[in-house]
Asker: 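I have a structure I would like to understand better, so I am pasting it below and will then ask my questions one at a time.
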Amino acid sequence: MNAGSSWKTRLGQLGITLPQAAAPLAAYVPAVRTGNLVFTAGQLPFDGGKLARTGKVGAEVSPDEGKALARICALNALAAVDALVGLDSVTQVVKVVGFVASAPGFNGQPNVVNGASDLLAEVFGDNGAHARSAVGVAELPLDAPVEVELIVQVG
């Protein structure tokens, strides 16, 4: 699929429904545009308006569960982009930053954040290739296991 294609149509083809953009938990906005870039706030794994899971990856949350939660976070970030500029205006995913609330000794953050990266590749194809950071942290808001933020280029 090329830039300018209907990414919303692609989501439908994949059987994925874009959620409503999550309301901010504090004093920030879900996404901001500057020039041709949109930066999202960190998105938690809210599913149906509720946090899908709590706990640390590598303890209460398995790495595979963390990966699935990172996918939800990325979908929520896409919803924030869509609410601001429309998903179909995305021309390139530029960067993904994934934060993983990690149990002591857990060092599989890259695999967990692949949940977000894999979703972006499914939706955007080559336009989903991005730079990325996968960071292990002690705590995340609301005891969420994963948080993901995106930077996307828009036309």
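None of the values given here were measured: they were computed from a predicted structure.
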Asker: Honestly curious: do I16 and F46 fall in one hydrophobic cluster under the side-chain, below-4.5 Å linking rule?
Answerer: no
Asker: Quick check: closest heavy atoms across R132 and S117, and the distance to 0.1 Å?
Answerer: NH1-OG, 3.0 Å
Asker: Give a yes or no answer on whether the side chain of T91 reaches the backbone of Q153 with a donor-acceptor pair at less than 3.5 Å.
Answerer: yes
Asker: For residues G58 and F106, report the shortest heavy-atom separation together with the two atoms involved.
Answerer: CA-CD1, 3.9 Å
Asker: Could you list all the side-chain hydrogen bond (donor to acceptor under 3.5 Å, both in side chains) pairs where at least one residue sits in residues 67-80, not counting sequence neighbours?
Answerer: R71-E122
Asker: Measuring from atom CD of Q43 to atom CG of L78, what distance do you get when rounded to the nearest 0.5 angstrom?
Answerer: 9.5 Å
Asker: Nearest heavy-atom pair of L142 and L51: which atoms, and what distance?
Answerer: O-CD2, 3.5 Å
Asker: Under a single-linkage definition using a 4.5 Å side-chain heavy-atom cutoff for Ile, Leu, Val, Met, Phe, Trp and Tyr, are V112 and L44 assigned to the same hydrophobic cluster?
Answerer: no
Asker: Quick one: pull up CG in D82 and NZ in K8 and give me the separation to the nearest 0.5 Å.
Answerer: 3.5 Å
Asker: Taking E139 for the side chain and V137 for the main chain, is one N or O donor matched with an acceptor at less than 3.5 Å?
Answerer: no
Asker: Find the distance between CZ (F99) and OG (S133) and round it off to the nearest 0.5 Å.
Answerer: 8.0 Å
Asker: If hydrophobic clusters are built from ILVMFWY residues whose side chains come within less than 4.5 Å, do L18 and V93 share one?
Answerer: yes
Asker: Do side-chain atoms of Q92 reach the backbone of N127 as a donor and acceptor pair under 3.5 angstrom?
Answerer: yes
Asker: Please check: side-chain N/O of R53 versus main-chain N/O of P45, any donor-acceptor pairing under 3.5 Å?
Answerer: no
Asker: In the hydrophobic clustering (ILVMFWY, side-chain contacts below 4.5 Å, transitive), which residues join V29, or is it alone?
Answerer: V32
Asker: How many angstroms lie between atom OG1 of T54 and atom CG of L140, to the nearest 0.5 angstrom?
Answerer: 11.5 Å
Asker: Working to the nearest 0.5 Å, report the span between CG of L11 and CG of L119.
Answerer: 7.5 Å
Asker: Any chain of hydrophobic side-chain contacts (each under 4.5 Å) joining L14 to L150?
Answerer: yes
Asker: To the nearest 0.5 Å, what is the distance between CG on D88 and OG1 on T9?
Answerer: 6.5 Å
Asker: Looking at every non-hydrogen atom in both residues, tell me the closest pair between P30 and P24 and how far apart they are.
Answerer: CD-CG, 3.8 Å
Asker: Would a hydrophobic clustering, with Ile, Leu, Val, Met, Phe, Trp and Tyr connected at side-chain separations under 4.5 Å, put V123 with V85?
Answerer: yes
Asker: Per the side-chain contact (heavy atoms from CB on, under 4.5 Å) rule, which among I151, V38, V152 passes with V94?
Answerer: I151
Asker: Show the nearest heavy-atom pair for residues A103 and K56, with the distance to one decimal.
Answerer: N-CB, 3.8 Å
Asker: Closest heavy-atom contact between G98 and V113?
Answerer: CA-CG2, 3.9 Å
Asker: Take atom CD in E60; do more than 12 heavy atoms of anything else shown fall under 6.0 Å from it?
Answerer: yes
